[in-house]
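FYI, side chains are in, hydrogens and waters are out, and symmetry mates aren't considered; it's all heavy atoms of this structure.
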Amino acid sequence: MRTPPLALHIAAALLADTATQPVAALVRDLDEACSRLDRLSREERAVRAAFELSYRHLDEDHARLFRLLPLAPGPDLSTETADRLVDRRAQELLRDLARAHLVEPGTVWGRWRLHDLVRLYADERGVREDGAAAREEAMDRLLQHYIETSEDADRHLRALSRTVGPHNRFGAQQDALAWLNGERTSLVAAVELAARSSRHAPTLSLSFALTEYLINWARRSDDALSTGNHGRAAAQALGERGKEGRMLNNMACAALMAKQHDEAIRLCTQAAGLFADLGDERNEAAVRNVLAVAFSEAGRLDEAIEVGQRSLVIWDRLDAPYEKSAALNNLGNALKSTGRYGEAVVAFQQDLEICISLGDLRGAAQTLTNLGTTLEKVGEPEKALLALTKAAGLLELSNAPYGRAETLHNLSNLLCATGRADEAVKASTAAASVFEEAGDQRALAKALDGLGRALAGAGNAEEAVEAHFRAAAQWGEAGELSDEAAAYGNAGMLLQRLGRISEAIEVLRRDLALCRRFGDRTAEAAALNNLSLALFEAGHLEEARAACTEAADLYGDLGDARRRAETLHNLRAMRRPKRRWSGRRG
């Protein structure tokens, strides 16, 4: 039988701790321990025997910590969390357990983890030796630690200025954010643990404390929906209808982040009805702020504008500037989406004034980003660049890398349009790096497509092609066929420019096939036109003319006279001596 490495490590540690013990005596002890574990496989018996023998060498303090460690949820735990489990300083105890190979140092200093088999063994010992009451008390201490610390961190994240109460355990916002980032997996697991053990009040408290972080800072819609669901169930069990409504609103925000627009509308409608029944006008109006965003992102723009305008009236009456600021921002976005750019600019400017008066740096940055992209639409690129640059600076000051990445993506597009391609490459590269680290496929795909355009503008066509291919792969995994097709179209036209005609044709055929799958006839016409140009370049004249004719017919059916005329011009050129010209994405 080959002894597993973990058992060997533990045996070696036992020999080192008892230098006078003969090896033969240790072997006899291991054999004796194995004989009590006959129902396990031979390999498992060797490991468990090593655990038992090592456990016998622990004094009560070390043994008690060892037995309680499996109560901590998540893949690892901090020294501070272990302190709370045993209600005493645990650092030296943990170091001793690590030397005995019963715990392992984590990948970050000050964190510890248990091998899966060790965890199972320690948990069995705890159930057998500690009793239910002692384990329940330890779990209560653990959850209270997570709640108190998360609430302190949450106060920092929500503070409009940089100051919070004097008794907060974190010195600065960045310290609070670092703690939350390090504990995120354990905190989400703690909510599930509290819910599973019917600890309704701790479940609800911890869910609320994590909402701002998970949605607006970590951008983890899956975690926010999971903890929100547990929090909502806890509020229902406690009969806390107002808190249930707030949790529904939080879940709607998480659903929006996940692009689940219909679900967000459903959750908002349910929460608004609940607050209306309670006569809680302020919270009902807060839900309608989120509902306006959900309508806007679902393409129901008239409803979004109507809800936004009604919210403004309520916030004015309640003298609630922070909430009014959010309503103005949402209204501005809906107005922009309908092409009412002048009205959108006014809404964003009013919102910006409120943010500045409140000292809300993140709100001001978000509004400047929206203002900048709108100013670009009304033909004021220099003002737009200034707004977006200021927004990126504010978000860097506010420890908001994700929001800064979104702003840098918009800034890159504008820098490209104004001929500053090298700066655009830097902005898109920085944005893509943040989105990749966050695991946000859609945002990463957008940033990579933007990087492709910037690289092409800077004369790096080969790198641009690779960026568009990476974007297409991300869009494909996210199930966004239209964006995947557009990325392939951009890559195909660049390949044609590089003279890699056969590759260009293959990629442009892929673009066309995708356009036909998702049924966008305008995109299909553009793909046909681009493919026809590559086919003509390769000397496939009949196929090129057929594709070009089909594109012209499609534009005719769509009533797009300008593009039909352009395509017919290409078709006439195909009947003359060959020349070079460029295609366009629909």
Side-chain angles (χ1 to χ4, degrees), residues 147 150-151 154-155 157-158 187-188 191-192 194-195 198-217 220-298 300 303-304 306-327 329-331:
I147 291 166
S150 296
E151 287 176 346
D154 184 54
R155 290 183 190 100
L157 300 192
R158 292 179 185 271
L187 290 167
V188 172
V191 174
E192 184 178 348
S198 299
R199 288 172 163 84
H200 303 308
T203 301
L204 189 56
S205 295
L206 192 51
S207 297
F208 273 127
L210 295 177
T211 297
E212 173 72 10
Y213 166 69
L214 291 174
I215 292 177
N216 292 322
W217 298 77
R220 298 289 305 203
S221 59
D222 51 349
D223 289 340
L225 283 168
S226 168
T227 56
N229 223 5
H230 288 310
R232 177 195 178 187
Q236 286 178 325
L238 293 168
E240 296 272 11
R241 297 194 68 213
K243 290 179 179 178
E244 180 188 350
R246 287 169 55 202
M247 198 54 71
L248 283 165
N249 193 36
N250 294 342
M251 291 171 66
C253 293
L256 273 177
M257 196 199 315
K259 306 298 180 187
Q260 298 173 14
H261 304 129
D262 290 342
E263 175 67 1
I265 290 168
R266 185 188 70 79
L267 290 165
C268 282
T269 304
Q270 192 174 347
L274 194 154
F275 285 127
D277 290 345
L278 294 172
D280 186 342
E281 186 180 36
R282 178 178 285 270
N283 272 313
E284 183 184 354
V287 170
R288 295 197 182 281
N289 273 5
V290 180
L291 183 60
V293 180
F295 278 142
S296 185
E297 294 194 6
R300 295 163 62 174
E303 291 168 276
E306 181 190 353
V307 169
Q309 289 170 336
R310 284 169 54 197
S311 293
L312 286 176
V313 174
I314 296 171
W315 296 129
D316 274 333
R317 187 173 70 251
L318 295 175
D319 190 23
Y322 181 78
E323 290 82 359
K324 181 181 178 181
S325 164
N329 184 64
N330 298 339
L331 178 60

Next on the checklist: List the residues meeting side-chain hydrogen bond (donor to acceptor under 3.5 Å, both in side chains) with T211, not counting sequence neighbours, and say none if there are none.
Outcome noted: N250
Next on the checklist: Nearest 0.5 Å, please: how far is OH in Y213 from OG1 in T227?
Outcome noted: 11.5 Å
Checklist entry - Taking all atoms of both residues into account, what is the closest heavy-atom pair of E151 and S205, and its distance? => result OE2-CB, 4.3 Å
Item to check | V290 side chain reached by L256 side chain, heavy atoms, under 4.5 Å | outcome: yes
Next on the checklist: D277: which residues meet the side-chain hydrogen bond (donor to acceptor under 3.5 Å, both in side chains) condition with it, sequence neighbours left out?
Outcome noted: none
Checklist entry - When rounded to the nearest 0.5 angstrom, what distance separates CG in N229 from CE in M247? => result 10.0 Å
Checklist entry - Looking only at heavy atoms, what is the nearest atom pair of R288 and V307, with distance? => result O-CG1, 3.2 Å
Checklist outcome for this item: Of all heavy-atom pairs linking A224 and A254, the shortest is CB-CB, 3.6 Å
Item to check | CG on L210 to CG on L206, rounded to 0.5 Å | outcome: 4.5 Å
Item to check | Point-to-point distance, once rounded to the nearest 0.5 Å, from CG of L248 to CZ of R232 | outcome: 4.5 Å
Item to check | Which atom of F275 lies closest to which atom of R246, heavy atoms considered | outcome: CZ-N, 3.4 Å
Next on the checklist: Whether D280 and R282 form a salt bridge (side-chain N of Lys/Arg under 4.0 Å from carboxylate O of Asp/Glu) is what I want to check.
Outcome noted: no
Checklist entry - Where do G231 and L204 come nearest, in terms of heavy atoms and distance? => result O-CD1, 3.3 Å
Next on the checklist: Tell me whether N289 contacts the main-chain N or O of E323 through its side chain, where contact means a donor paired with an acceptor under 3.5 Å.
Outcome noted: yes
Item to check | Within-4.5 Å side-chain heavy-atom neighbours: V287 and N283 | outcome: no
Checklist entry - Between E284 and A272, what is the shortest heavy-atom contact and its length? => result CG-O, 3.9 Å
Item to check | Main-chain N/O of T203 paired to S207 side chain as donor or acceptor, under 3.5 Å | outcome: yes
Checklist entry - Is a side-chain N or O of D154 found less than 3.5 angstrom from the main chain of S150, in a donor-acceptor match? => result no
Checklist entry - How long is the span from the CD1 atom in I265 to the NE2 atom in H261, to the nearest 0.5 Å? => result 8.5 Å
Item to check | Under-4.0 Å salt bridge between R266 and D262 | outcome: no
Checklist entry - Given F208 and K243, is the side chain to side chain contact (heavy atoms under 4.5 Å, CB included) satisfied, shown in steps? => result CA-CA 9 Å; F208 273 127; K243 290 179 179 178; 4.0 Å; yes
Checklist entry - To the nearest 0.5 Å, what is the distance between NE2 (H200) and CD (Q236)? => result 11.0 Å
Item to check | side chain to side chain contact (heavy atoms under 4.5 Å, CB included) evaluation trace for K259 with E297 | outcome: CA-CA 8 Å; K259 306 298 180 187; E297 294 194 6; 4.3 Å; yes
